[in-house]
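Data first, discussion second: the structure below is written as structure tokens.
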Amino acid sequence: MYALVDCNNFYVSCERVFNPALERKPVVVLSNNDGCIIARSNEAKSLGIPMGAPMFKYKDLLLKNNVMIYSSNYTLYGDMSSRVMNCLKHFTPEVEVYSIDEAFLCIKGINGDPLFKEMQKIKSFVFQWTGIPVSIGIAKTKTLAKLANRIAKKKTKDGIYIISNNHTELEYILKNIRVEDIWGISKKWGARLHSLGIFTGLQLKQSDPRKIKQCLSVVGERIVRELTGVSCIPLEVTQPRKSIMVSRSFGSMISDIDNLKEAISNHVVVAASKLRSQSSLCNSICIFIQTNRFHIQEPQYKTAKEILFSEPTQNTLELLKASDKALKLIYKPKFRYHKAGVILSQLIVKTDNKMISVKAEEQFSIQTDLFSSTFTNKKKQYRRDKFIDAIDGINSKLGKGSVIYGAQGIQKKLKKTTDLKSDWQMKSYYRSPAYTTRWDELLKVS
DNA sequence: TCTGGGGTCCTAGGACCC
DNA sequence: TCTGGGGTCCTAGGACCC
């Protein structure tokens, strides 16, 4: 059996752990740049605030109802997430961390009442150690476990629901769910199924998988089989990322290339550090810039440039150099830009090779460049990598941003202030402290 | 005024190979 | 008049997820 453990209103719950006065009050959490509403407490949901709603359209409603507003605080949510996942690993090693607030568990050898009791144990353990409430759905396949979780959240008191092998129970559940609410089927595919006369989960379950394959590819076929109780989507252990993206909308519009370069350089530094933290190297970097698609009266420009490396790298300096080159190739001065980002792709990861070897080529199975791998280049590269190590070392000892690259912008450093915000930096008016990850932001109790 | 960010997988079609 | 058959790899675009 698979269990899906899903944190209730996760971001809101994280805020509530450190501010219990938020209990039973309407709370929302905003996306980056304070743009959209991406998490709502149950009280906020019942005010009719939809998921993903632009904040400016709902500001009046929020104020009128005394809704507490928070900017996203991913440092806090990420840390709380890993605490929750660690709790789950306490019960079984077979945990798939599916997203920041969800995990699939493989459950073997327990059934019926003992299974329910075990799930209650998990729930209260997670709550005791993190303060985060979770719901649990259990079934024979991941797709059905998702469904069970939905029922656990909406229809049960204790937040646990098990879809047993009872045939009529499953039929009843599937009859009462729309196809577009099934995991893996969204609006577009839902519409395609409608045109075949399929509207409910039960109708989808009873269709010919081969016919669904023609319509929704093998992905759709798998969903049909999963609904019948045949597991087609296995539990996956956490794999290193295959691509890394860092992008942000700007706090205000930007036209000049220096500002853009500063924004992109900061994204590159973050992306490079993510890359190194999962012990990968990238073969390609892509940067993109775009105007505001909602300003339809303004001229629009959206473009990207990818640069391939002759040898895979994880070196911030090389990535910065490439990103600068790419930006110069696509930048056009006449536009007002709204967003920029960087994507590292074609990542390679350390091989499983247990041999004790310090040569990067062997650790990563690197294809070296026939024309540049001369001795002097190797030496240069070695020194550059040591340089990055030193910077990482200082920043991890003295705090993030203690040493920065010139391309990231030196205005703030010169004025010795952190209040000064560049145009590109995102808005974040309602951010709570990084309670669990910064000594100077620990919760004070008086 | 104001509209997020970060991923994965699959397929079709083009390019190449013998 | 008439020009094969069987593969692999790569990429862009589209779909989905949270």
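So that the names make sense, note that chain A is the first sequence line, chain B the second, and so on, each numbered from 1. Remember, it's a predicted structure, so these values are computed and weren't measured experimentally.
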- Which residue pairs pass the side-chain hydrogen bond (donor to acceptor under 3.5 Å, both in side chains) test with at least one member in residues 20-36 of chain A, sequence neighbours excluded?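 Matches after skipping sequence neighbours: A/D34-A/S71.
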
- Message: Going by side-chain hydrogen bond (donor to acceptor under 3.5 Å, both in side chains), name the pairs with one or both residues in residues 44-58 of chain A, residues two or more places apart or in two chains.
- Response: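 Found A/N9-A/K45.
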
Under 4.0 Å, counting only non-hydrogen atoms across every strand here, what does [X] touch: a base, just sugar-phosphate, or nothing?
X	result
A/D34	nothing
A/I185	sugar-phosphate
A/K146	sugar-phosphate
A/N33	nothing

- Salt-bridge criterion met for A/E318 and A/K321 (N-O under 4.0 Å):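 Not counted as a salt bridge, because no side-chain N and carboxylate O are separated by less than 4.0 Å.
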
- Message: Roughly how many Å apart are B/dT3 and C/dC18, using the P atom of each and rounding to a whole number?
- Response: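 Roughly 25 Å separates the two P atoms.
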
- Would you write out the dot-bracket form of DNA chain B, 5' to 3', with Watson-Crick and G-U pairs under 3.5 Å, [ ] for crossing pairs, | for pairs to other strands and . for unpaired bases? ....||||||||||||||

- Item | Partner residues of A/A322 under the side-chain contact (heavy atoms from CB on, under 4.5 Å) criterion, sequence neighbours left out |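 Counting only residues at least two positions away or on another chain, A/A322 forms a side-chain contact (heavy atoms from CB on, under 4.5 Å) with A/I285, A/I307, A/F309.
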
Going by atom types alone, do [X] and [Y] pair a side-chain donor with an acceptor below 3.5 Å?
X	Y	result
A/T141	A/R225	no
A/D79	A/T436	yes
A/E43	A/S41	yes

Atom pairs and distances, side-chain donor-acceptor, residues 128-138 of chain A, under 3.5 Å, sequence neighbours left out:
residue : atom : partner : partner atom : Å
A/T130  : OG1  : A/V126  : O            : 2.6
A/T130  : OG1  : A/I132  : N            : 3.1
A/S135  : OG   : A/N8    : OD1          : 2.7

- Item | More than 12 heavy atoms of other groups within 6.0 Å of A/K123 NZ |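 More than 12 within 6.0 Å, yes.
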
Residues from [range] sitting under 4.0 Å of DNA chain B, heavy atoms only?
range	result
residues 235-274 of chain A	A/R241, A/K242, A/S243, A/I244, A/M245, A/V246, A/S247, A/R248, A/S249
residues 61-77 of chain A	none
residues 291-299 of chain A	A/N292, A/R293, A/F294, A/H295

- Query: By ring pair (Phe, Tyr, Trp, His ring centres under 6.0 Å), which residues pair with A/Y11, not counting sequence neighbours?
  - Reply: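 Per chain and number, A/Y11 pairs via ring pair (Phe, Tyr, Trp, His ring centres under 6.0 Å) with A/Y74, A/Y77.
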
- Item | Contacts of A/F335 that satisfy ring pair (Phe, Tyr, Trp, His ring centres under 6.0 Å) - sequence neighbours left out |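 Scan of A/F335 (ring pair (Phe, Tyr, Trp, His ring centres under 6.0 Å), adjacent residues dropped) gives A/Y301.
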
- Query: Under a 4.5 Å cut-off applied to non-hydrogen side-chain atoms, are A/I173 and A/L144 in contact?
  - Reply: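 Not in contact.
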
Name every donor-acceptor pair, under 3.5 Å, that has one atom in a side chain of residues 236-249 of chain A and the other anywhere in the protein, sequence neighbours excluded.
none

- For residues A/W183 and A/F104, establish whether the separation of their ring centroids is below 6.0 Å.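 Aromatic pair counts; centres sit under 6.0 Å.
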
- Range on DNA chain B touched by chain A - first to last nucleotide, heavy-atom distance under 4.0 Å: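 Terminal contacting nucleotides, 5' to 3': B/dC2 to B/dT11.
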
- Query: Within the side chain of A/N149, is there an N or O that forms a donor-acceptor pair under 3.5 Å with the backbone of A/A145?
  - Reply: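 Answer holds: no.
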
